[in-house]
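Sequence positions, counted from 1, serve as the residue numbers for this chain. The shown structure was predicted, so the numbers you read here are calculated from the model rather than taken from an experiment. One-based numbering, in listed order, for ligands and for the atoms of each.
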Amino acid sequence: MEIQTNLHRTKDEIAGACQRAGRDPGDVTLIAVSKTKPIELLQEAYDGGAREFGENRVQELLTKIPLMPKDVKWHLIGHLQTNKVRQIIGKTCLIHSVDSVKLAGEIEKESKKKGIVTDILLEVNVAREESKFGFLLEEVEEALRSIRIFSHVKVCGLMTVAPFVEDAEKNRAVFRKLYDFYVDMKTKNIDNGSMTILSMGMTGDFQVAVEEGSTMVRVGTGIFGAR
Ligand SMILES: *Cc1c(COP(=O)(O)O)cnc(C)c1O
């Protein structure tokens, strides 16, 4: 019950942020980040209307997939090791956390074997935090040029995990920077026009992220409670 209340409040907050920014709420996808949470709670969110779920570990994702309804769309949002790629190909609607050309190459190889195209985002470490995965902004363009030759990987956009801050306003500049960069990349058309997703914003800062142009927010704690 509480989860559904949280879900609806989160959607309202997304709608509020859209209104402030003059955006259409239909342009923002909410991902319910269910990592570490038991399947009963995912089912509760599903019953409340959630269809897009995010997990950060390959094994946990693979365990949960058969336990949930078939129309769930699964997002892999956590760091992916090349040796885990084979297991995950064909299971996700989107891999958010591609942080090297080598990893994209592995996804290409395994997707080709299965005869499918895998949708990915490139993770960008906008704030240049030592502890975080992701390309630095200045590395992204070259990576896009390398990956665009792959025929079984489609770069659908960019993702970032902003710094942990008490005051979400402190991340506004980070989100704005990635949004501007994203628009720049689209203008240059390096991606052949397939970049349409900007995955940014978590429980603590998704409203600011939406105000700054996010098209996909990843909310865990705000829906399922503390981990
Ligand atoms: C856990 C996680 C989230 C959700 O975090 P909350 O603060 O609980 O909303 C979002 N994105 C990534 C990459 C995560 O690992």
Side-chain angles (χ1 to χ4, degrees), residues 2-14 16-17 28-39 41-42 44-45 48 50-64 72-81 84 88 91-100 103 119-135 156-172 174-175 178-179 182 197-227:
E2 198 189 338
I3 286 179
Q4 297 185 7
T5 308
N6 291 344
L7 191 59
H8 293 136
R9 189 195 54 245
T10 304
K11 284 184 184 165
D12 286 347
E13 288 169 348
I14 291 170
V28 181
T29 303
L30 170 61
I31 301 175
V33 176
S34 48
K35 64 190 185 196
T36 79
K37 297 297 179 182
I39 213 76
L41 300 192
L42 277 72
E44 209 174 309
R51 291 295 179 273
E52 318 245 356
F53 288 79
E55 289 284 338
N56 68 340
R57 288 175 183 276
V58 168
Q59 196 48 58
E60 189 173 346
L61 180 53
L62 294 175
T63 305
K64 284 174 173 173
V72 166
K73 290 183 175 173
W74 295 98
H75 296 254
L76 184 69
I77 61 174
H79 182 63
L80 176 58
Q81 289 170 292
K84 299 263 175 71
I88 202 76
K91 311 281 187 184
T92 58
C93 74
L94 187 61
I95 301 173
H96 292 230
S97 43
V98 176
D99 56 3
S100 69
L103 176 59
D119 287 349
I120 67 167
L121 304 178
L122 299 189
E123 180 169 357
V124 188
N125 182 0
V126 181
R128 315 179 80 87
E129 292 177 279
E130 289 284 345
S131 59
K132 290 249 168 78
F133 292 107
F135 293 97
C156 299
L158 305 175
M159 176 272 222
T160 197
V161 179
F164 178 78
V165 289
E166 292 292 339
D167 174 12
E169 281 300 328
K170 293 213 164 77
N171 278 336
R172 189 179 291 279
V174 169
F175 296 137
L178 191 60
Y179 176 79
Y182 165 77
I197 299 173
L198 191 53
S199 170
M200 55 186 199
M202 302 168 37
T203 297
D205 57 19
F206 71 87
Q207 299 183 64
V208 174
V210 168
E211 287 170 12
E212 296 301 329
S214 170
T215 70
M216 208 171 249
V217 296
R218 310 176 307 267
V219 178
T221 312
I223 295 172
F224 295 103
R227 285 181 295 273

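The backbone N or O of K35 lies less than 3.5 Å from no partner atom in the side chain of R227, so there is not a single donor-acceptor pair. When atom types are taken as modelled, the side chain of S214 and the backbone of A209 share no donor-acceptor pair closer than 3.5 angstrom. Under the 3.5 Å distance criterion, the side-chain polar atoms of N56 are left unmatched by any main-chain donor or acceptor of L76.
Both the backbone and the side chain of I77 come within 4.0 Å of ligand 1, judged by heavy-atom distances. With a 4.0 Å cut-off on non-hydrogen atoms, H96 does not touch ligand 1 at all.
Under the salt bridge (charged side-chain N to carboxylate O under 4.0 Å, His left out) criterion, E169 pairs with R172, sequence neighbours left out.
If you number the atoms of ligand 1 from 1 as listed, the ones under 4.0 Å from a heavy atom of V219 come out as 9 (O). Ligand 1 places these atoms under 4.0 Å from at least one heavy atom of R227: 1 (C), 5 (O), 6 (P), 8 (O). Within the listing of ligand 1, atoms 13 (C) sit less than 4.0 angstrom from a heavy atom of V161. Each of the atoms 6 (P), 7 (O), 8 (O), 9 (O) of ligand 1 lies under 4.0 Å from some heavy atom of T221. Residue R218 approaches ligand 1 through these ligand atoms, each under 4.0 Å from one of its heavy atoms: 4 (C), 9 (O), 10 (C), 11 (N), 12 (C), 13 (C).
For the residue pair R9 / N6, a side-chain donor-acceptor distance below 3.5 Å is found, with atom types taken as modelled. Looking at E55 and H75, their side chains never bring a donor and an acceptor atom within 3.5 Å of each other.
The aromatic rings of F133 and H79 sit parallel to each other, their planes meeting at less than 30°, with 60° as the upper class boundary.
Atom CG of residue L103 and atom OG of residue S97 lie 7.5 Å apart, to the nearest 0.5 angstrom.
Nearest protein heavy-atom contact of atom 14 (C) of ligand 1 is K35 NZ, 3.0 Å. Looking only at heavy atoms of the protein, atom 6 (P) of ligand 1 is closest to T203 OG1, 3.4 Å.
Counting only non-hydrogen atoms, the option in M202, M159, H75 that gets closest to atom 5 (O) of ligand 1 is M202.
Note: an N/O pair closer than 3.5 Å links G220 and ligand 1 by distance alone.
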